[in-house]
Amino acid sequence: MIFTFPDGSEKTFATGVTGYEIAKSISGRLAREALSVTVADTIYDLHRPLTSGGRIAINTWDDEDAKYAFWHSSAHILAEAVEALYPDVKLGIGPPVEQGFYYDIDFGDRQVGNEDLPKIEDKMQELVRQKNRFERFELSKSEAIGYYKKKNDPYKLDLLEGLEDGTISFYKQGNFTDLCRGPHIPDTGRIKAIKLLNTAGAYWRGDNTSKQLTRIYGITFPKKSMLDAFLNQMEEAKKRDHKKLGPQLGIYMIDRMVGSGLPMWLPNGTILRRALESFLREEQLRRGYQEVITPHIGNLELYKTSGHYPYYQDSQFAPMEVDDEGYLLKPMNCPHHHRIYDHEMRSYRDLPVRLAEFGTVYRYEQSGELNGLSRVRGFTQDDAHIYCTNDQLKDEIKNCIDLTRYVFSTFNMPVDIRLSFRDENDEKYGGERELWDRAQQEIREAADEMDLDYKIDKGEASFYGPKIDFVIQDALGRKWQLGTVQVDYVMPERFDLTYIGSDNQKHRPVIIHRAPFGSLERFTSILIEHFAGYFPLWLSPQQAVIIPVSDQFNELAESYRQQLSEVGIRVKTDLRSEQIGAKIRNAETNKIPFMLIVGEKELENQTVSVRKHKKGDIGSFNFSKFISIIKKEVDDKVLPDDKQVNGILS
RNA sequence: GCCGAAGUAGCUCAGCUGGUAGAGCAACGCUCUCGUAAAGCGUAGGUCGUCGGUUCGAAUCCGAUCUUCGGCUCCA
């Protein structure tokens, strides 16, 4: 058998050679670090005899697939440990996830919680020290069913029902056997660090009518140092938690008397939000958008027409009755915008019409789903709807993509782009098939012409049209789906929207829905965590504080404050009778970017001693020079220079 | 909504097996007038999330409820 290695070289091995043997022929170190092997795009266990050659890659921890095998194997060890400690448990499923793995377990009547985790963890430690091999074997479906009938495990039987007879594989390590497709790592000894993280309830097969199992989350690593780094990162994430930093920095609050899931923007947060809004507003106006404002409630008819009311009834606040008519707290801005479009006779010369609004919408999210600013019941979308002709669609899509990329580049956040297209199941989608094909074609062309890296997800389109999703990555390497650009053929029909073409006939426009930030609340929560509260200057609620050395210099401080305020810098003086060390500490903990210290020297020379937060004293500046420097930093939207923190898992 | 956990001063937390709440920071007052991450002294501040029960007596035990957190489910 001939194998082709990633570097292009070829080697010949006898049939039945294992990935481990091949790795060893390259280097002992590779053999030690190897976790699985990929041959011709299929992943195999390292000790599985190979029966055909092809493109080969030896996978180590750095390969996503190998990492998943590692965590998958860890899940088996978790199950083995649990079964050893609680012999009567029933096992559900135990897959790897983005950061670690879990196993869903039915503990019967026993309550198992976080306090039981150390015990299970100890057992796992014991099992990995045994360095048990993961051994693969196959059973026929009836043998497999027999096995689990004997074991009396309803969940595995349920899983088996969905499997084809023939190649039902099992893995055995130590005293534990599990139904599993694999692949797995060679032996349990590869796992050098284990941490069980938490427990949670999870429905069998994600179905809330079936039984709720206990899910145990954990993570493992091939090196102890990696676990330490991971735990540090968790600590870091906790420190950055917007639910803590947000209220602390005066960004927002949630008050039970006002209602859960209904955040209120505090003065500092409002400054930040308005800065985001004007940033986007100006960019949109430059790109030919028109801004509109629509009310927070709308007649039920509006949402019956759009189809939102019947379809999403469960996630809306109940309608209210006014003068014998039903009204709904608006869950979407689009129906209002469609009516504005329809308010005038539109000519093809008017198109595209781009209506933008920072529109606040209300949705009934389940109580358990609410989360700080990132999951709320009332939020503001940076919404816009573009009404255009089919011929204009591609350019408009490009414009939307460009705007979204521009917005995220301002924060130096890497963006992944996903094109969500339809699948073959016509029933799932509205609008004519050929329009869809054309739109998907144009989305793809737009993406290609803009030289985008993208991934296509078939079947992920929305009901009314294909879409582009933007997934950004924050400073901790976490991914968030934010911006979206969606093509819509259904609403123009439902609202009977038209324009008069050059042929003097009525035509249907096509609509693009788009929102770069998505929701200002959610985006702000991400910004808080991305910057750990150290916002870039242009977003900082307070940009500078003037600290006089003693109260003899209060007058100078006040004069400086006025001059800075006049050019639009958000600045305050700290005239308290505190020592300057205390005032500086106070400014640092409040994450104020600039501390301007003034005293005798500064009074004499009309200078200012500048301290930058997290950096310390950066020296003395001529005051009017400093004004132009800080002004320029605001105008240029300069980012903090230390904000590139990379997670170990990214 | 479901499973699990938690709620003590503005914040961070202490309060053992029931005997009527305590610290640091913050706030306020006075003193200090100070050069780059916490000056000193003093004052005030809590019906221990809420409601109910057990008890001579509940922050502490029991029940219910609300809110928050970790997940599940859902997400136009």
Side-chain angles (χ1 to χ4, degrees), chain A residues 97 102 104 107 111-117 197-217 238 241 243-244 247-248 253-257 259-261 303 306-316 330-335 361 363-372 375 377 379 381 383 462-465 467 481 484 486 488 490-491 513 515 518-519 522 547-554 575-590 595-602 609-620:
Chain A
V97 290
Y102 64 81
D104 284 346
F107 283 93
Q111 290 281 359
V112 170
N114 291 339
E115 61 285 354
D116 300 292
L117 295 182
L197 299 167
N198 60 322
T199 57
Y203 299 107
W204 173 241
R205 301 209 153 203
D207 172 4
N208 66 5
T209 59
S210 63
K211 173 146 187 179
Q212 188 148 18
L213 310 180
T214 302
R215 174 170 296 180
I216 299 178
Y217 280 91
K238 217 168 154 188
D241 188 350
K243 293 188 286 292
K244 206 170 165 55
Q248 218 170 66
M253 62 176 279
I254 287 176
D255 180 74
R256 69 169 63 179
M257 201 182 271
S260 61
Y303 299 100
S306 70
H308 291 113
Y309 177 68
Y311 194 66
Y312 290 105
Q313 204 165 355
D314 288 347
S315 43
Q316 291 164 358
K330 78 173 169 187
M332 291 287 273
N333 299 304
C334 29
V361 297
R363 297 181 186 174
Y364 174 76
E365 302 285 358
Q366 296 188 89
S367 61
E369 193 52 49
L370 301 175
N371 188 335
R375 201 61 197 246
R377 285 177 172 163
F379 60 95
Q381 297 177 310
D383 215 354
S462 74
F463 163 73
Y464 50 70
K467 58 180 183 166
Q481 204 227 291
T484 175
Q486 313 185 348
D488 179 355
V490 174
M491 290 303 147
H513 306 241
S519 127
R522 196 165 122 86
I547 301 174
V549 168
S550 77
D551 60 14
Q552 301 159 40
F553 308 104
N554 284 359
L575 305 183
R576 295 173 306 158
S577 78
E578 283 289 348
Q579 295 178 328
I580 90 161
K583 294 185 185 181
I584 283 169
R585 186 184 147 81
N586 186 259
E588 290 281 355
T589 54
N590 285 310
M595 286 150 268
L596 310 177
I597 287 113
V598 295
E600 188 62 42
K601 281 179 282 178
E602 288 73 20
S609 169
V610 181
R611 185 188 164 98
K612 221 169 171 176
H613 71 168
K614 290 175 90 182
K615 263 197 170 166
D617 195 345
I618 58 168
S620 182

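Proteins get letters first, then strands, A, B, ... in listed order; numbering begins at 1 in each.
- Between the C1' atoms of G46(B) and A21(B), the separation comes to 8 Å (whole Å).
- Here the side chain of Pro331(A) is nearest to one of A37(B), A76(B), A39(B), namely A76(B).
- Across all strands shown, G18(B) forms no Watson-Crick or G-U wobble pair with both distances under 3.5 Å.
- Across all strands shown, G57(B) forms no Watson-Crick or G-U wobble pair with both distances under 3.5 Å.
- Using a 4.0 Å heavy-atom cutoff across all strands shown, Thr214(A) reaches no nucleic acid atom at all.
- Judged by atom type and distance alone, Glu602(A) reaches the base of G35(B) through a side-chain donor-acceptor pair under 3.5 Å.
- Within 4.0 Å of Gln316(A), counting heavy atoms only, lies at least one base atom of the nucleic acid.
- Between A38(B), G1(B), A37(B), one nucleotide has an atom nearer to the side chain of Ala582(A) than all others, and that is A38(B).
- Distance, Lys612(A) NZ to A37(B) C1': 18 Å, rounded to whole Å.
- Between Leu575(A) and Asp551(A), every side-chain heavy-atom pair lies at or beyond the 4.5 Å cut-off.
- Atom CG in Asp383(A) sits roughly 11 Å away from atom C1' in A76(B) (whole-Å rounding).
- In this structure, Lys243(A) does not reach the U67(B) phosphate: none of its side-chain N or O atoms is under 4.0 Å from OP1 or OP2.
- Between Asn590(A) and His613(A) the shortest side-chain heavy-atom distance does not fall below 4.5 Å.
- Checked against A39(B), A76(B), G70(B), the side chain of Gln579(A) finds its nearest nucleotide in A39(B).
- Among the heavy atoms of the strands lying under 4.0 Å from Tyr464(A) are primed sugar atoms or P, OP1, OP2 only; no base atom is included.
- Side-chain nitrogen and oxygen atoms of Gln212(A) include none within less than 4.0 Å of the OP1 or OP2 phosphate oxygen of C2(B).
- Remark: C1' of A38(B) and CD1 of Ile547(A) are 13 Å apart, rounded to the nearest angstrom.
- Not one side-chain nitrogen or oxygen of Ser315(A) sits closer than 4.0 Å to the OP1 or OP2 atom of C75(B).
- Nearest nucleotide to the side chain of Asp551(A), out of C34(B), U33(B), A76(B): U33(B).
- When the C1' atom is used for both A14(B) and G71(B), the distance is 30 Å, rounded to whole Å.
- Gly581(A) comes within contact range of the sugar-phosphate backbone alone, with a heavy-atom separation under 4.0 Å but no base atom that close.
- Taking the C1' atoms as reference points, G24(B) lies 12 Å from A9(B), given to the whole Å.
- C62(B) sits 16 Å from G4(B) when the P atoms are compared, rounded to a whole Å.
- In this structure, Met257(A) atom CE and C66(B) atom C1' are separated by 13 Å, rounded to whole Å.
- Looking at heavy-atom distances under 4.0 Å, Gln248(A) makes no contact with the nucleic acid at all.
- C66(B) and A26(B) have their C1' atoms separated by 28 Å, given to the nearest Å.
- Between Val610(A) and Ser367(A), the residue whose closest nucleotide on RNA chain B is further toward the 5' end is Ser367(A).
- Candidate nucleotides U67(B), C74(B), C34(B) were compared by shortest atom distance to the side chain of Arg256(A), and U67(B) ranks first.
- Not one side-chain nitrogen or oxygen of Tyr203(A) sits closer than 4.0 Å to the OP1 or OP2 atom of G1(B).
- For Asn371(A) and U67(B), the CG to P distance is 15 Å, given to the nearest whole Å.
- Of the nucleotides present, U68(B) is the one that pairs with A5(B) by Watson-Crick or G-U wobble criteria, both distances under 3.5 Å.
- In terms of heavy-atom proximity, Glu365(A) sits nearest to Arg375(A) at OE1-NH2, 2.8 Å.
- An OP1 or OP2 oxygen of U12(B) is reached within less than 4.0 angstrom by a side-chain nitrogen or oxygen of Lys244(A).
- The nucleotide whose nearest atom lies closest to any side-chain atom of Arg363(A) is, among U68(B), A76(B), G70(B), A76(B).
- In this structure, a donor-acceptor pair under 3.5 Å is absent between the side chains of Gln316(A) and Tyr309(A).
- Among the heavy atoms of the strands lying under 4.0 Å from Tyr217(A) are primed sugar atoms or P, OP1, OP2 only; no base atom is included.
- Under 3.5 Å, the side chain of Ser577(A) and the base of C34(B) form no donor-acceptor pair of N or O atoms.
- The aromatic rings of Tyr464(A) and His513(A) sit parallel, their planes meeting at an angle under 30°, below the 60° perpendicular limit.
- The distance between atom CD1 of Ile584(A) and atom P of A39(B), rounded to the nearest whole Å, is 11 Å.
- Between C2(B) and A64(B), the distance separating the two P atoms is 13 Å to the nearest Å.
- Closest to the Arg375(A) side chain, of the nucleotides C74(B), C34(B), A38(B), is C74(B).
- Looking at Arg363(A), its side chain does come within 3.5 Å of a backbone N or O of Pro331(A) through a donor-acceptor pair.
- The backbone N or O of Ser462(A) sits nowhere less than 3.5 Å from a side-chain atom of Lys467(A) that would complete a donor-acceptor pair.
- Counting only heavy atoms from C-beta on, Ser260(A) has its side chain closest to U67(B) among G70(B), G1(B), U67(B).
- Remark: side-chain polar atoms of Arg215(A) are not paired, donor with acceptor, to backbone N or O of Asp104(A) under 3.5 angstrom.
- Residue-to-nucleotide proximity on RNA chain B shows that, of His613(A) and Ala202(A), the 5′-proximal contact is made by His613(A).
- Between Leu370(A) atom CG and G71(B) atom C1' the separation is 14 Å, expressed in whole Å.
- In this structure, CD1 of Ile597(A) is placed 9 Å from P of A37(B), rounded to the nearest angstrom.
- The shortest distance between the side-chain N/O atoms of Arg611(A) and the OP1/OP2 oxygens of A37(B) is below 4.0 Å.
- Residue Gly518(A) is classed as having no contact, given no heavy-atom separation below 4.0 Å to the nucleic acid.
- Taking the P atom of each, C13(B) and G53(B) are spaced 33 Å apart, rounded to whole Å.
- Looking only at side-chain heavy atoms (C-beta outward), Asn586(A) and Arg576(A) come within less than 4.5 Å of each other.
- For the C1' atom pair drawn from G22(B) and G15(B), the interatomic distance equals 7 Å after rounding to whole Å.
- Taking a pair to require two hydrogen-bonding distances under 3.5 Å in either a Watson-Crick or a G-U wobble arrangement, G42(B) pairs with C28(B).
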